[in-house]
Amino acid sequence: MQQTLYDKLWEGHVVRREEDGTALLYIDRHLVHEVTSPQAFEGLKLAGRGVWRTDSIVATADHNTPTTGWERGVDGIDDATSKLQVTTLDDNIRSHGAKAYFPFLDARQGIVHVIGPENGATLPGMTVVCGDSHTSTHGAFACLAFGIGTSEVEHVLATQCLLSKKSRNMLVQVDGALGRGVSAKDVALALIGRIGTAGGTGYAIEYAGSAIRALSMEGRMTICNMTIEAGARCGMVAVDDTTIEYLRGRPFAPKGEQWERAVALWRTLASDPDAKFDRVVRLDAREIKPQVTWGTSPEMVVAIDERVPDPEREKDAARREGMARALEYMGLAPNTPMRDIRIDKVFIGSCTNSRIEDLRAAAAIVKGRRVAQSVRLAMVVPGSGQVKRQAEREGLDRVFRDAGFQWREPGCSMCLAMNADRLEPGERCASTSNRNFEGRQGAGGRTHLASPEMAAAAAIEGHFVDVREWR
Amino acid sequence: MEKFTVHIGLVAPLDRANVDTDAIIPKQFLKSIKRSGFGPNLFDAWRYRDIGEPGRDNAARPLNPDFVLNQPRCRGASILLARANFGCGSSREHAPWALLDFGFRAVIAPSFGEIFQNNSFKNGLLPIVLAEREVDTLFHDVAAFPGFRLAIDLDRQSVATVDGGRVMRFEIDPFRKHCLLNGLDEIGLTLRHAGEIRAFEAKRRAEQPWLFG
Ligand code: SF4
């Protein structure tokens, strides 16, 4: 039988199967952060259970850590409840153990989905879980990687397994070359615009085609990251030379003879030539333009040269009402050219777009220019301490600072605004993150999702521009 | 986990598609290290006129009278009627915790965000998928009949009007159904297979030692 990559990953992890097809799936890597784990560790304790395999755990504090004031140490976390979560994670990891822990203030601390790959803690063929929906990011390494809830975090801690049912297979085939100024983020948004935020529900997505092959690991991670925004829990890309070159020499990647064995095995992690997919979606990379969202769901997206849609033209009543409600929340009039939307803040960061390549792309736009007077705050939040130091070695921090951007400490920051970084009610933000839900970046805040290049150019002009023409 | 067998309750209609878990429970309330106490902040941004913060006295906050759950007809509701893709977005289990804490035992919608649906099962909150058409009819019923109630029978996999006039069937995985009906601890169930897990692990360790240690 010809198998898809997903079939292979799935079958390779089934410990046992119930009659109805529910499988007990073995978990190789468990990523843990401060917000979704405390209740799980508490549950373990109450039941008198221990952690099954501590060397599967890689932990960090990222969701509500501050991006300024690190010189003040843990006392720099002004919010008492946030501080309690951070110190609770410290306590839990100290008493249970882990393969690696990058606590708040550590040189390798960062967003959980950035630190896994950059340390080689995410390896092809693994099952990777985390109490965070963007765990789909790790699928870029041909992993079966998906987000879980806190009860499941506890289940994995206690048993190293999860109960799960197999999804159907979807192939997203992107062929052709992406144009200048068009990035992985635009591919992800264009796909969501096409199939909708529930389009991938019930599916595991594999991304393939010449445009995907041409992407760096960073770009593949961006696309796999946004898979959850298309409704699918996991997205993945087959192993190729790009994957293997990225992993070579990473701290937790195998070495010597084991590396050779691992690479030979990893090379088999691709769909068989005639594997059957339940659904196939094709995108022509040459037709994808820079994308910007206009509403309160990632599917509410258009190309930069288009206009805010008019609900009057929507035939479906429920959709029309949803559009009207989104426009009201966003404070936008129908038919406004996307280019005319003025912004108050700019956020370059999040597990979608905070890796070194993202920062390089944004810096190339910003270099030698100034953030528009009308923009109140433009900030860059590197995905991890390692990304931050790499960027500083390359002088990117200077480029951003000289242009008027703030250069912050790593973390999730204004992607979900659990820390002090947030939008005030009514403020409008060009953001490289992944969710434009109501209140996501702060109660009443208005989020427009875009690529790093597009967000950087918007910072300079004070409104969205088409980076393809803008130089 | 609390068992779910038969439940009869008042239905509250939330007529919006794509209700995400950020809307169900906004992030500022995720700072808690407990599983309880989220009910007063369920749908916080829609329910109140001001911006909620943890530790505030919610009883003293101005309510948004237009929001459906604030209306007298929804007082005591335990079944939430929703539109497509309910619970999409973030994996926060605080979403089902907040719904349960508020008093809901079941959510009926044409489709759910997968992680939310999973999280709900684990907590004894029953996510029921009915066809778009049936959900539409239910929205009409709720609007037409004050105090509209439904009877959910998990064993029979049915949702019925209390007069028995209309019965709708729903699908559920047999394994999940079994766990819910009996209020089983899934971890305990899995640990019964500890031997199999250990054997699987040992084989994997031999074949791919780089995944361990
Ligand atoms: S950056 Fe945003 S989306 Fe990513 S893990 Fe952090 S909060 Fe979640």
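In what follows, chains are A, B, ... by sequence order, proteins preceding strands, each numbered from 1. As a basis for the values below, the full set of heavy atoms in this structure was taken, side chains included, without hydrogen atoms, waters or symmetry mates.
- A distance of 6.0 Å separates CG of B:L191 from OG1 of A:T159, quoted to the nearest 0.5 Å.
- When heavy atoms are compared at a cutoff of 4.5 Å, A:V14 approaches chain B solely by way of its backbone atoms N, CA, C and O.
- Both the backbone and the side chain of A:E154 have a heavy atom closer than 4.5 Å to some heavy atom of chain B.
- Contact count against chain B (heavy-atom pairs under 4.5 Å) is highest for A:I148 among A:I148, A:T36, A:T135.
- For the set A:L84, A:V153, A:L163, the count of heavy-atom pairs under 4.5 angstrom toward chain B peaks at A:L163.
- The two residues B:G89 and A:I228 come nearest to each other via the heavy atoms O-CG1, 4.3 Å.
- Residues meeting the ring-ring contact (aromatic ring centres under 6.0 Å, His included) test with B:H94, sequence neighbours left out: B:F38, B:W97.
- The shortest distance between side-chain heavy atoms of A:W52 and B:R198 falls below 4.5 Å.
- Heavy atoms closer than 4.5 Å to chain B are found nowhere in A:P298, neither backbone nor side chain.
- The two residues A:T201 and B:F112 make their nearest non-hydrogen contact at CG2-O, 3.8 Å.
- For a residue to count as touching a neighbouring chain, one of its non-hydrogen atoms must lie under 4.5 Å from one of that chain's; by this rule B:S90 touches chain A with backbone and side chain alike.
- Of the atoms belonging to B:N119, it is side-chain heavy atoms, and not backbone ones, that fall under 4.5 Å from chain A.
- For B:E53, the part sitting under 4.5 Å from any heavy atom of chain A is the side chain, from C-beta outward, and nothing else.
- No more than 12 heavy atoms of other residues, nucleotides or ligands sit less than 6.0 Å from atom CZ of B:R156.
- Here A:R53 is the residue among A:R53, A:E438, A:K99 with the most heavy-atom pairs under 4.5 Å with chain B.
- For the atom pair A:T81 OG1 and B:I33 CD1, the distance stands at 10.0 Å (nearest 0.5 Å).
- Residue contact with chain B, scored on non-hydrogen atoms closer than 4.5 Å, involves the side chain of A:K165 exclusively.
- Contacts between B:F116 and chain A at a heavy-atom distance below 4.5 Å are absent for every atom of the residue.
- Rounding to the nearest 0.5 Å places CZ of B:F200 at 8.0 Å from SG of A:C161.
- Using a 3.5 Å distance cut-off with no hydrogens or angles, the side chains of A:S151 and B:E93 do pair a donor with an acceptor.
- Looking at A:D79, only its side chain comes within 4.5 Å of chain B, counting heavy atoms on both sides.
- Here A:G202 is the residue among A:G322, A:G202, A:G439, A:G231 with the most heavy-atom pairs under 4.5 Å with chain B.
- Formation of a donor-acceptor pair under 3.5 Å by the A:R261 side chain with backbone atoms of B:E207 is found in this model.
- Note on B:A23, B:A45, B:S32: by heavy-atom pairs under 4.5 Å with chain A, the leading option is B:S32.
- In this structure, the portion of B:D15 lying under 4.5 Å from any heavy atom of chain A is its backbone and not its side chain.
- Between B:P209 and A:Q258, the shortest heavy-atom distance links the atoms CG-NE2, 3.5 Å.
- Both the backbone and the side chain of A:A417 come within contact range of chain B, each with at least one heavy atom under 4.5 Å from a heavy atom of that chain.
- Contacts between A:Q160 and chain B at a heavy-atom distance below 4.5 Å involve the side chain alone, from C-beta outward.
- Using a 4.5 Å cut-off between heavy atoms, B:R204 touches chain A through its side chain atoms alone.
- With chain B as the partner, the residue from A:T54, A:L123, A:T296, A:D132 showing the most heavy-atom pairs under 4.5 Å is A:D132.
- Within the 4.5 angstrom heavy-atom criterion, only side-chain atoms of A:T88, from C-beta onward, approach chain B.
- With a 4.5 Å cut-off on non-hydrogen atoms, B:P174 touches chain A through its backbone and its side chain both.
- Between A:W266 and B:W210, the angle of the ring planes goes over 60°, which puts this pair in the perpendicular group of the 30/60° scheme.
- Among B:G213, B:A17, B:P26, the residue making the largest number of heavy-atom pairs under 4.5 Å with chain A is B:G213.
- Neither the backbone nor the side chain of A:A318 comes within less than 4.5 Å of any heavy atom of chain B.
- Here the straight-line distance linking atom CD of B:Q208 with atom CE of A:M126 works out to 9.0 Å at 0.5 Å rounding.
- At a threshold of 4.5 Å between non-hydrogen side-chain atoms, the residues A:F146 and B:E114 do not count as touching.
- In this structure, B:K177 does not pair ionically with A:D20, as no charged nitrogen and carboxylate oxygen lie closer than 4.0 Å.
- Heavy-atom distances place both the backbone and the side chain of B:I197 under 4.5 Å from chain A.
- One finds the CD1 atom of B:I187 at 10.5 Å from the CD atom of A:E152 (value rounded to the nearest 0.5 Å).
- Nearest approach of B:I115 to A:G149, heavy atoms of both residues: CG2-N, 4.2 Å.
- Proximity to chain B is limited to the side chain of A:L265, based on heavy atoms less than 4.5 angstrom apart.
- A:K255 NZ: more than 12 foreign heavy atoms inside a 6.0 Å radius.
- Between chain A and the residues B:R83, B:K34, B:Q28, the most heavy-atom pairs under 4.5 angstrom are made by B:K34.
- Contacts of residues 121-144 of chain B with chain A at a heavy-atom distance below 4.5 Å involve B:K122, B:N123, listed in sequence order.
- Looking at A:Q39, the atoms closer than 4.5 Å to chain B (heavy atoms on both sides) sit in the backbone and in the side chain alike.
- In this structure, chain A has no heavy atom under 4.5 Å from any part of B:A199.
- The 12-atom threshold is exceeded at CZ of B:R56, counting heavy atoms of other residues, nucleotides or ligands nearer than 6.0 Å.
- Heavy-atom pairs under 4.5 Å with chain B were tallied for A:A443, A:A262, A:S164; the largest tally goes to A:A262.
- In this structure, no portion of A:H134 lies under 4.5 Å from any heavy atom of chain B.
- The minimum heavy-atom distance between B:S91 and A:S133, with the atom names listed, is OG-N, 3.4 Å.
- Summarising the geometry, atom CZ belonging to A:R435 is positioned 8.0 Å from atom SG belonging to B:C88; distances are rounded to the nearest 0.5 Å.
- Both the backbone and the side chain of B:K27 come within less than 4.5 Å of a heavy atom in chain A.
- Distance alone, capped at 3.5 Å, places no donor-acceptor pair between the B:K31 side chain and the A:Q85 backbone.
- Contact annotation for A:L416: both backbone and side-chain heavy atoms come within less than 4.5 Å of a heavy atom of chain B.
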